[in-house]
Amino acid sequence: MSRWLRKLNAEQKRAVRHVNGPLLVLAGAGSGKTRVITHRVAYLIEQGVAPDNILAVTFTNKAAGEMRERLRQMIGEHADNVTMSTFHALGLMMLKTEAAQKKRRSRFSIFDTGDQLACLREITGRVHLDRSFDLGSVLARISAMKTSFVPPDACDTDSADPYDQAAELLYPLYAEALEAFAAVDFDDLVCKPTLMMEHSADCRARWADRFRYLLVDEYQDTNTAQLRMLKALCPHQNICVVGDDDQSIYGWRGAEVRNILEFDKHFPGAKTVFLLNNYRSTQPILRVANMVIAENKDRHEKALQPVRNDDGRVSLRVFPDADSEASWLGKFLFETIKSERYQADQIAVLYRSNTVHKALEPVLREHGIDYRVLGGTALFERKEVKDVIAYLRLTSNPADEISLRRVINVPARGIGPKTVSRLADYAEQHGLSLYKALKQAAIALGASDRALGPIGDFLTLLDDGRRQLRAGGQVGHQAQAFIEKTGLRAEIERTTPSAKIVERRLGNIGALLRGLVSYADRASKPSLGEYLNLISLATADEDADGAKDKRITLSTLHGCKGLEFPLVVIVGLEDGLLPHDRTLNPQANDHMTTGIDEERRLFYVGITRAMDELIITRAATRAVRGRVQERPASRFLCSIPEELITVDDLTAAPSMDQVRSMLSSLRDQWGAEGASLGPDKERQAEGDRRQQA
DNA sequence: TTCAGCAGGATTTTT
DNA sequence: TCCTGCTGAA
């Protein structure tokens with residue numbers, strides 16, 4: 001038997017041993033999913049498949065990196081020849097490769113959501129669209145059209161929805177703008193390579209030949225475009241996808257659960273393997289998880305099987321208000337860590353929305369509990385960092401008008417909106433880029449315009465920067481010198497009120513530039529453009545400080561996917577928070593209505609993070625936007641049978657335990673029969689409390 | 001052009 | 001309650 005099969009259970013073996021043809025692995029939480037993927041790659045190589053014929057696709061760089069590391073431990077440097085990549089990095093690589101093939105230039109900016117919105121804002125100003133539109137909503141619709149491969153000139157909805165109409169109006173203009181700015185957005189990174197393959201049999205054959213075996217992780221999170229990309233990539237049908245429909249929580253971003261529910265429709269003859277043995281959690285936790293998720297209708301019917309047979313508690317604590325919830329949590333965590341029942345890094349506090357963690361932080365600080373917050377604003381999305389990136393992008397791609405507009409007057413140099421709009425008009429009339437119009441500012445604005453001086457200085461700054469950065473040599477240090485010349489540092493020091501924040505902002509910029517230096521040291525042919533593209537695809541800050549230290553983890557339910565902790569606390573189990581109010585009462589302009597099932601899956605994901613102990617909390621009242629509200633218990637709590645969970649209700653009514661101890665002391669005093677409520681009444685009392693909750 | 005003050009809006013966020 | 005983006009005065 002292959003050495004890679006030995007340590008696997010029967011189902012895992014089946015998944016690993018299946019070599020040719022489509023395979024769907026439904027891997028429940030904690031069922032050894034990553035293990036199966038890495039072992040499968042090792043097995044394929046052992047069976048004679050060349051490592052560079054294998055492609056493993058994930059959603060985050062972090063996941064790709066971890067997988068590569070595990071594989072390296074198994075098979076050594078062969079691992080480096082396996083392509084492990086995110087969908088977007090793969091798309092970028094394909095675009096660059098194809099451009100090189102056709103000897104075309106391949107310098108372009110990658111627009112993130114902020115850039116996309118800036119772009120839409122610019123266009124809506126130009127076409128005088130009502131400014132009250134929520135552009136995020138419009139963008140979601142455009143993105144949906146792009147991922148469904150609707151060409152920009154062919155969209156005509158009969159929809160009466162003003163947002164649909166706005167999207168229809170803006171989509172072609174947006175597409176044109178990206179073209180003109182030499183920019184692509186995240187959707188393009190998937191759609192463009194797919195169209196390339198679909199339009200050219202030659203191109204398709206090249207890639208199918210390069211990647212003969214495909215593995216896809218987190219398949220439940222793929223969208224329609226990604227499915228189509230996968231189909232184009234594998235005419236040979238050697239595709240193995242791994243995922244769990246019950247953990248699909250990105251529907252609101254266009255992820256299509258149907259991709260995993262209907263896998264064999266897209267890849268006929270697919271074999272399915274269920275991995276349901278859960279190695280992570282205790283039985284009571286898994287029973288709760290199974291009860292909760294069983295309420296969902298549209299899913300692959302399955303239940304996690306516990307492998308562990310030890311006990312572990314699930315409890316619910318109800319507080320009169322959010323403050324007492326927070327202060328209890330602070331005290332509880334402090335005592336838990338102090339008693340060494342759990343180490344700090346074995347504990348996670350999970351919540352639906354970021355507003356909750358803001359309430360928690362002061363209490364944790366008060367008790368001196370160190371914590372790390374997962375998610376949050378990524379380094380590359382910080383304002384000051386985006387400004388620096390915009391300057392750097394301009395040296396590599398002057399057509400990038402969004403970056404140009406972003407920094408043309410940052411720091412303020414006397415080129416105001418009026419001037420910019422006159423230049424933009426001139427550019428449009430003469431079919432020029434905004435950058436070219438700046439070069440002709442004397443004609444565009446008239447020779448005596450007072451903006452001419454600043455514009456000249458600005459152009460000199462950019463052109464000098466470009467020349468230096470193109471000259472080769474130490475990209476990192478040249479970039480540093482260039483950024484220094486832009487005056488951004490002085491601007492930050494001048495406009496930021498507190499010295500502490502100044503330090504943080506400059507630190508962020510420093511981190512970006514240090515990243516560039518270390519990239520330049522590593523890369524064989526470092527270029528600024530490549531670095532900029534890379535960081536556009538980079539995941540939110542991995543623990544920058546690196547060290548695995550003893551801190552508890554705070555995370556949204558979205559952010560905790562793929563992690564596990566001995567002790568998990570899920571806070572705020574209230575209707576309106578989980579399920580979230582926005583799901584219960586969708587807003588008129590919401591494009592994606594993902595429904596209550598996705599909220600339940602979110603709860604399920606949270607539950608299944610817990611290994612030994614799970615605590616759920618809720619508050620009977622909570623301040624929302626400064627207003628104190630009554631908060632009903634989350635409807636999801638109803639699917640948990642009473643015998644599976646210990647309830648400790650600290651609101652007005654005494655807890656059952658308290659009632660029992662009161663009763664027993666009464667019994668002791670006056671004898672058994674007189675004081676007992678009797679079992680029926682007891683149950684009634686319990687029911688009342690649930691009702692109340 | 002710039003800056004201060006106010007109105008309005010406020011989930012989740014792998015790339 | 002807190003942050004972002006726009007309006008109006010200097």
Side-chain angles (χ1 to χ4, degrees), chain A residues 57-64 85-92 110-117 121 131-132 134-136 139-140 143 147 184-190 217-218 220-223 225-226 247-255 350-359 374-378 380-381 383 409-420 450-451 454 494-495 533-540 542 555-562 572 576-587 589-590 592-594 598-599 601-602 605-606 623-628:
Chain A
V57 191
T58 61
F59 274 84
T60 66
N61 293 301
K62 197 171 154 220
S85 162
T86 64
F87 275 103
H88 297 90
L90 172 70
L92 177 65
I110 298 173
F111 275 10
D112 66 15
T113 316
D115 300 319
Q116 292 178 289
L117 288 174
R121 204 169 300 133
R131 259 189 292 271
S132 62
D134 169 34
L135 292 182
L139 187 59
S143 173
T147 47
V184 295
D185 62 21
F186 289 135
D187 292 329
D188 288 328
L189 287 174
V190 174
D217 190 17
E218 305 282 12
Q220 75 280 356
D221 292 335
T222 50
N223 64 25
Q226 286 156 342
Q247 293 185 69
S248 161
I249 53 176
Y250 285 102
W252 53 276
R253 269 180 124 227
L350 309 177
Y351 38 83
R352 172 69 233 259
S353 98
N354 271 315
T355 51
V356 174
H357 102 247
K358 287 194 193 109
L374 258 41
T377 319
F380 305 125
E381 279 159 27
K383 208 185 279 167
N409 205 30
V410 176
R413 53 168 68 85
I415 313 177
K418 197 74 194 270
T419 308
V420 174
R450 81 183 152 165
R494 195 176 64 81
T495 54
N533 285 344
L534 279 178
I535 61 171
S536 304
L537 300 181
T539 316
E542 252 79 296
S555 172
T556 60
L557 288 163
H558 284 91
C560 72
K561 196 164 77 166
L577 246 185
L578 185 66
H580 197 277
D581 183 53
R582 193 78 176 256
T583 311
L584 264 19
N585 310 300
Q587 234 162 58
N589 60 10
D590 282 347
M592 302 283 178
T593 41
T594 48
E598 184 155 313
E599 297 287 305
R601 290 193 289 263
L602 218 33
V605 167
V624 179
R625 288 178 226 153
R627 283 244 166 77
V628 177

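Naming convention: chains lettered A, B, ... in sequence-line order (proteins, then strands); numbering from 1 in each chain.
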Inset, instruction - Tell me which nucleotide among B/dT2, B/dT13, B/dT12 gets nearest to the side chain of A/Tyr250. - result: B/dT13
Legend entry - 5' precedence on DNA chain B between A/Ala255 and A/Ala451 (nearest-nucleotide basis): A/Ala451
Inset, instruction - Give a yes or no on whether the ring-centroid distance for A/Trp252 and A/His580 is below 6.0 angstrom. - result: no
Inset, instruction - Measure up the A/His558 and A/Tyr250 rings against each other and bin them: parallel (under 30°), tilted (30 to 60°), perpendicular (over 60°). - result: tilted
Inset, instruction - For A/Ala412 and for A/Glu599, locate the closest nucleotide of DNA chain B by heavy-atom distance; then report the residue assigned to the nucleotide nearer the 5' terminus. - result: A/Ala412
Inset, instruction - Report the nucleotide, chosen from B/dT13, B/dT14, B/dT11, that has the shortest atom-to-atom distance to any side-chain atom of A/Trp252. - result: B/dT13
Legend entry - Phosphate OP1/OP2 of B/dT12 contacted by A/Asn354 side-chain N/O (<4.0 Å): yes
Legend entry - Residue A/Asp221, side-chain heavy atoms: nucleotide from B/dT14, B/dT2, B/dT1 that is nearest: B/dT14
Inset, instruction - Calculate, to the nearest 0.5 Å, the distance between atoms CZ and CG belonging to A/Arg352 and A/Leu577 respectively. - result: 8.5 Å
Legend entry - Verify stack between A/His558 ring and B/dT12 base, 5.5 Å, 30 degrees: no
Inset, instruction - Please name all residues satisfying salt bridge (charged side-chain N to carboxylate O under 4.0 Å, His left out) with A/Glu218, sequence neighbours left out, ordered by chain then number. - result: A/Lys33, A/Lys561
Inset, instruction - Please check the phosphate of B/dT14 (OP1 and OP2 only) for any side-chain N or O of A/Asn223 closer than 4.0 Å. - result: no
